[in-house]
There are 2 protein chains.
Amino acid sequence: MNDVELGEAVRRCGLKNTKGRSAILGILEKSERPVSAEQVFMAMRDGGISANLSTVYRTLEALADKGLARKLTIAGDSRNLYEFNRMEHRHYLVCLACNKIVAIDSCPLRDYEKRLSAETGYLITGHRLDVYGYCPECRISYPQCPSP
Amino acid sequence: MNDVELGEAVRRCGLKNTKGRSAILGILEKSERPVSAEQVFMAMRDGGISANLSTVYRTLEALADKGLARKLTIAGDSRNLYEFNRMEHRHYLVCLACNKIVAIDSCPLRDYEKRLSAETGYLITGHRLDVYGYCPECRISYPQCPSP
DNA sequence: TTTACTGCAAACGGTTTGCAAAAGG
DNA sequence: CCTTTTGCAAACCGTTTGCAGTAAA
């Protein structure tokens with residue numbers, strides 16, 4: 001998305017468009033990994049758009065509320081991460097050595113949710129699945145790996 | 001486990017046993033849901049054993065390090081939760097209305113991890129899966145349910 | 001011109017820490 | 001005894017908030 005499209009996306013969801021907001025949405029869209037508020041803040045500075053950290057938090061929250069972004073947490077990280085909402089159902093593979101996070105497209109849980117619902121009487125609305133391990137690069141140096 | 005056994009478990013893992021420590025381990029063991037540090041703290045007060053909150057944190061951390069407990073986080077809760085480590089592979093079903101957390105015993109991900117490892121080159125060591133929905137009691141009052 | 005947004009500084013909640021005193025083995 | 005553990009208070013970190021000023025529609 002270019003600057004104009006980003007601005008339109010912000011406006012279309014019912015928010016007033018500002019330089020900061022479209023910049024933040026652009027940063028999310030360009031990043032292929034979830035990012036923290038602080039990372040967004042720094043990326044803005046790097047891009048020459050100064051913003052206040054609390055504004056970044058408020059914007060990320062607003063974008064998540066409106067469905068343009070997603071807020072997520074990864075085990076072992078006390079921060080919240082945000083990503084552009086591509087409307088895909090996604091899971092993450094987290095490297096325990098270098099903390100790299102990569103997205104997984106496949107989801108093995110459709111049938112499982114049905115079964116679980118039948119067994120428990122719960123109305124299942126979603127799930128969170130993160131997979132942990134060691135990436136090919138780190139794998140070499142970490143022969144034995146504790147489970148989280 | 002009785003008091004003696006709790007104390008032995010603490011000592012066996014390489015920690016000095018104190019009244020507070022075995023009490024905390026006992027609280028974890030008796031609870032069938034994960035609990036927060038604050039909850040442990042209050043449970044101790046209720047049980048007549050006064051302890052400092054930072055000691056509770058330190059103890060939970062130590063028990064988790066030694067493998068007697070597990071530390072976990074649930075989406076949408078900024079706190080860490082702790083549970084007695086029953087050495088079972090477990091997942092949780094979280095009610096989005098009343099926040100009740102119940103354990104699920106089955107795990108549908110064994111084969112999936114193998115496949116994923118083959119596809120990505122990662123050494124997979126574990127995963128986190130939480131399922132969200134509405135429990136039978138809350139289900140009635142929440143007909144439409146947003147996905148987390 | 002009205003309403004939504006921003007910056008600032010201060011508060012927040014959960015967690016961690018440094019230190020001196022206390023208790024375990 | 002020597003080491004580990006504790007209580008206390010203060011710091012910490014990521015996040016949220018109240019408010020007065022600014023900008024979008």
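Residue numbering restarts at 1 for every chain, and letters A, B, ... go by the order of the sequence lines. Below, each value reflects all heavy atoms present in this structure, side chains not excepted, and no hydrogens, waters or symmetry copies.
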TODO: Please work out if A/Thr73 contacts a base, only the sugar-phosphate, or nothing of the nucleic acid, heavy-atom cut-off 4.0 Å.
DONE: nothing
Open item on the list: Without decimals, in angstroms, what is the distance between B/Arg45 CZ and D/dG7 P?
Closed with: 10 Å
Open item on the list: If I take atom CZ in residue A/Arg21 and atom C1' in nucleotide C/dT3, what distance separates them, rounded to the nearest angstrom?
Closed with: 12 Å
Task: Whole angstrom value for the distance that separates P of D/dT16 from CG of A/Asp65 - done: 11 Å
- [ ] Indicate, with a heavy-atom threshold strictly under 4.0 Å, whether A/Ser36 touches base, sugar-phosphate, or nothing.
- [x] nothing
TODO: Report which part of the nucleic acid A/Ala51 touches: base, sugar-phosphate, or nothing (heavy-atom distance under 4.0 Å, all strands).
DONE: sugar-phosphate
Open item on the list: Does A/Arg58 reach a base, just sugar-phosphate, or nothing at all? Heavy atoms under 4.0 Å.
Closed with: base
TODO: Using whole Å, report how far CE of B/Met42 lies from P of C/dG14.
DONE: 11 Å
- [ ] Run the salt-bridge test on B/Glu38 and B/Arg79 with the 4.0 Å N-O cut-off and return the result as yes or no.
- [x] no
Open item on the list: Whole angstroms only, please: what is the CG-C1' distance between A/Leu81 and D/dT15?
Closed with: 14 Å
Task: Below 4.0 Å: OP1/OP2 of D/dT15 and any side-chain N or O of A/Asn80 - done: yes
Each nucleotide N or O in nucleotides 20-25 of chain C that has a protein N or O under 3.5 Å away: list the pair and distance.
unit_1 : atom_1 : unit_2  : atom_2 : d
C/dG24 : O3'    : B/Asn17 : O      : 3.3
C/dG24 : N2     : B/Lys16 : NZ     : 3.0
C/dG24 : N3     : B/Lys16 : NZ     : 2.9
C/dG25 : OP1    : B/Arg11 : NE     : 2.9
C/dG25 : OP1    : B/Asn17 : N      : 3.2

Task: Within 6.0 angstrom of B/Asp111 CG, more than 12 heavy atoms from elsewhere - done: no
TODO: Rounded off to whole Å, could you give me the CD1-to-P distance for the B/Ile24 and D/dT5 pair?
DONE: 12 Å
- [ ] Write down the distance between CG (B/Asp77) and P (C/dT15), rounded to a whole number of angstrom.
- [x] 8 Å
Open item on the list: With clusters defined by side-chain heavy atoms of hydrophobic residues (ILVMFWY) lying less than 4.5 Å apart, directly or transitively, does B/Val10 cluster with B/Phe84?
Closed with: yes
Open item on the list: When you measure from the side-chain N and O atoms of B/Ser78 to the phosphate of C/dC12, is any distance below 4.0 Å, counting only OP1 and OP2?
Closed with: no
- [ ] State whether A/Glu88 and A/Arg90 are salt-bridged, where the test is any N-O pair (Lys NZ or Arg NE/NH1/NH2 against Asp/Glu carboxylate O) under 4.0 Å.
- [x] yes
- [ ] Answer yes or no: does atom CG of B/Asp3 have more than 12 heavy-atom neighbours from other residues, nucleotides or ligands under 6.0 Å?
- [x] no
Task: Greater than 12 external heavy atoms within 6.0 Å of B/Lys19's NZ - done: no
Open item on the list: Using heavy-atom distances to pick each residue's nearest nucleotide on DNA chain C, tell me which of A/Gly20 and B/Tyr57 is more 5'.
Closed with: A/Gly20
Task: Atom pair distance, as rounded to whole Å: CZ in A/Arg79 and P in D/dT15 - done: 8 Å
Open item on the list: Can you tell me which nucleotide in C/dT15, D/dT6, D/dT17 comes closest to the side chain of A/Ser54?
Closed with: D/dT17
TODO: Determine the minimum heavy-atom distance between A/Val56 and A/Ala37, stating which atoms define it.
DONE: CG1-O, 3.6 Å
Open item on the list: Looking at C/dT6, I'd like to know if its phosphate oxygens (OP1 or OP2) sit under 4.0 Å from a side-chain N or O belonging to A/Asn52.
Closed with: no
